Q: 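Here it is, the structure, as structure tokens.
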Amino acid sequence: MNREELIKEAFKAMENAYAPYSNYHVGAAVLTKDGQVTWGANIENASFGGTNCAERSAIFAAYSKGYRKEDIEALAIVSDGDRVCAPCGICRQVLSELIPQDAPIYLSNGKENVDMTIRKLLPMQFGTEDVIR
Ligand code: THU
């Protein structure tokens, strides 16, 4: 599956967004090395703090199926915003532990496309090796 196809999958995932508060819809699709795709969408909550972002929904869903960091090939994150959805700080921290540092992260809003990696999105990372010594 190529970049465009994975982005399309993320747009399909975005249709499942539950965003009655922000009305900002985000979809994500994780491509694993076995060719499978796992979707995620943003799921909001009246408490606001209980909201889960699309990319965390997708990566948690992939891990819940048994996939791990080394199985992950690429991630697409799309939104219906005026600019591409740059992953929030919490998602960057989560992705820094759960996907390979140089796995492509394709950001798109259908008009603008940006290719990233978590290494570029989150410099000077706090990680496992800081905690487990
Ligand atoms: N959101 C994501 O799904 N991913 C991000 O990285 C940024 C924010 C969602 C959370 C919330 O449902 C809405 O966008 C507005 O913040």
Side-chain angles (χ1 to χ4, degrees):
M1 168 164 297
N2 65 29
R3 182 180 175 283
E4 282 64 40
E5 288 167 331
L6 190 62
I7 288 171
K8 245 183 218 163
E9 290 289 321
F11 274 110
K12 285 193 239 165
M14 192 178 86
E15 291 172 22
N16 296 331
Y18 173 74
Y21 308 106
S22 72
N23 200 35
Y24 183 80
H25 303 91
V26 189
V30 179
L31 176 65
T32 36
K33 287 180 181 158
D34 59 2
Q36 297 297 303
V37 175
T38 303
W39 289 1
N42 56 326
I43 310 295
E44 297 187 344
N45 186 270
S47 68
F48 291 16
T51 293
N52 214 58
C53 291
E55 53 273 59
R56 270 182 295 139
S57 297
I59 205 73
F60 291 160
Y63 268 67
S64 299
K65 290 179 182 173
Y67 294 114
R68 290 295 179 265
K69 186 194 290 209
E70 60 276 11
D71 303 314
I72 291 163
E73 196 162 302
L75 169 68
I77 306 167
V78 307
S79 75
D80 59 2
D82 292 337
R83 51 181 198 168
V84 294
C85 178
C88 80
I90 296 170
C91 286
R92 290 180 200 212
Q93 177 64 29
V94 169
L95 294 174
S96 76
E97 181 160 338
L98 301 185
I99 72 169
Q101 287 295 316
D102 295 307
I105 301 176
Y106 306 126
L107 307 176
S108 179
N109 65 353
K111 292 169 257 171
E112 183 190 1
N113 294 287
V114 178
D115 292 354
M116 270 290 151
T117 62
I118 194 59
R119 191 192 298 284
K120 283 195 225 158
L121 282 169
L122 188 63
M124 201 177 170
Q125 298 177 5
F126 180 79
T128 317
E129 56 288 353
D130 296 299
V131 184
I132 301 174
R133 312 176 262 150

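It should be emphasised that the depicted structure is a prediction, and the values quoted were computed from it without experimental measurement. As the structure lists them, so they are numbered: ligands from 1, and atoms in each ligand from 1.
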Q: Would you check if there is a donor-acceptor pair between the side chains of Thr32 and Asp71 at a distance under 3.5 Å?
A: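 Thr32 and Asp71 do not have a side-chain donor-acceptor pair below 3.5 Å.
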Q: Under 4.0 Å from a heavy atom of Asn42: give me the atoms of ligand 1 that qualify, with their elements.
A: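 Counting atoms of ligand 1 from 1, those under 4.0 Å from Asn42 are 3 (O), 9 (C), 11 (C), 12 (O), 13 (C), 14 (O).
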Q: With the side chain counted from C-beta on, respond yes when Phe60 and Asn52 share a heavy-atom pair under 4.5 Å apart, and no when they do not.
A: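 Yes; the side chains approach each other to less than 4.5 Å.
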Q: May I ask you to list the atoms of ligand 1 that are less than 4.0 angstrom from any heavy atom of Ser22?
A: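 Checking each atom against Ser22, I get 13 (C), 15 (C).
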Q: At a 4.0 Å cut-off, with the gap strictly under it, does some heavy atom of Ala19 reach an atom of ligand 1?
A: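 Contact check Ala19 vs ligand 1: negative.
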Q: Could you give the distance from CG (Leu121) to CZ (Arg92), rounded to the nearest 0.5 Å?
A: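 Nearest 0.5 Å value for the CG-CZ distance: 4.5 Å.
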Q: Going by the order shown, which atoms of ligand 1 are within less than 4.0 Å of some heavy atom of Pro87?
A: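 This gives 6 (O) as the contact atoms.
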Q: Relative to the heavy atoms of Cys85, which atoms of ligand 1 are at a distance of less than 4.0 Å?
A: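 Result: 4 (N), 5 (C), 6 (O), 7 (C).
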Q: Do Leu75 and Ile59 make a side-chain contact, defined as non-hydrogen atoms from C-beta onward lying under 4.5 Å apart?
A: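 Result no, sub-4.5 Å side-chain heavy-atom pair not found.
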Q: Quick one: CD on Glu9 to OH on Tyr106, what's the gap to the nearest 0.5 Å?
A: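 Answer for the CD-OH pair, Glu9 versus Tyr106, is 13.5 Å.
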Q: Specify the closest pair of heavy atoms between Asn45 and Ser47, including all atoms of both residues, with the distance to one decimal.
A: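 Smallest heavy-atom distance, with atoms named: OD1-OG, 2.6 Å.
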Q: Distance under 4.0 Å to a non-hydrogen atom of Tyr24: what atoms of ligand 1 satisfy this?
A: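 Per the distance check, 13 (C), 14 (O).
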Q: Does a donor on one side chain and an acceptor on the other come within less than 3.5 Å for Ser79 and Asn109?
A: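 Ser79 vs Asn109: no donor-acceptor pair found between side chains.
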Q: Can you check which of Arg56, Arg92, Glu44 brings a heavy atom nearest to atom 12 (O) of ligand 1?
A: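 Result: the heavy atom closest to atom 12 (O) of ligand 1 is in Glu44.
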Q: Quick one: which ligand 1 atoms are inside 4.0 Å of a heavy atom on Thr51?
A: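 So the answer, numbered in order with elements, is 10 (C), 11 (C), 12 (O).
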Q: Among Ala86, Cys53, Ala54, which residue places a heavy atom closest to atom 8 (C) of ligand 1?
A: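 Going through Ala86, Cys53, Ala54 one by one, Cys53 has the nearest heavy atom to atom 8 (C) of ligand 1.
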Q: Can you see which heavy atom on Gln93 is nearest to which on Phe126, and at what distance?
A: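 Reported closest heavy-atom pair: NE2-O, 3.0 Å.
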Q: What atoms of ligand 1 come within less than 4.0 Å of a heavy atom belonging to Glu55?
A: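 Here the atoms of ligand 1 in question are 2 (C), 3 (O), 4 (N), 5 (C), 6 (O).
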Q: What do you think, any protein heavy atom under 4.0 angstrom from atom 3 (O) of ligand 1?
A: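 Yes.
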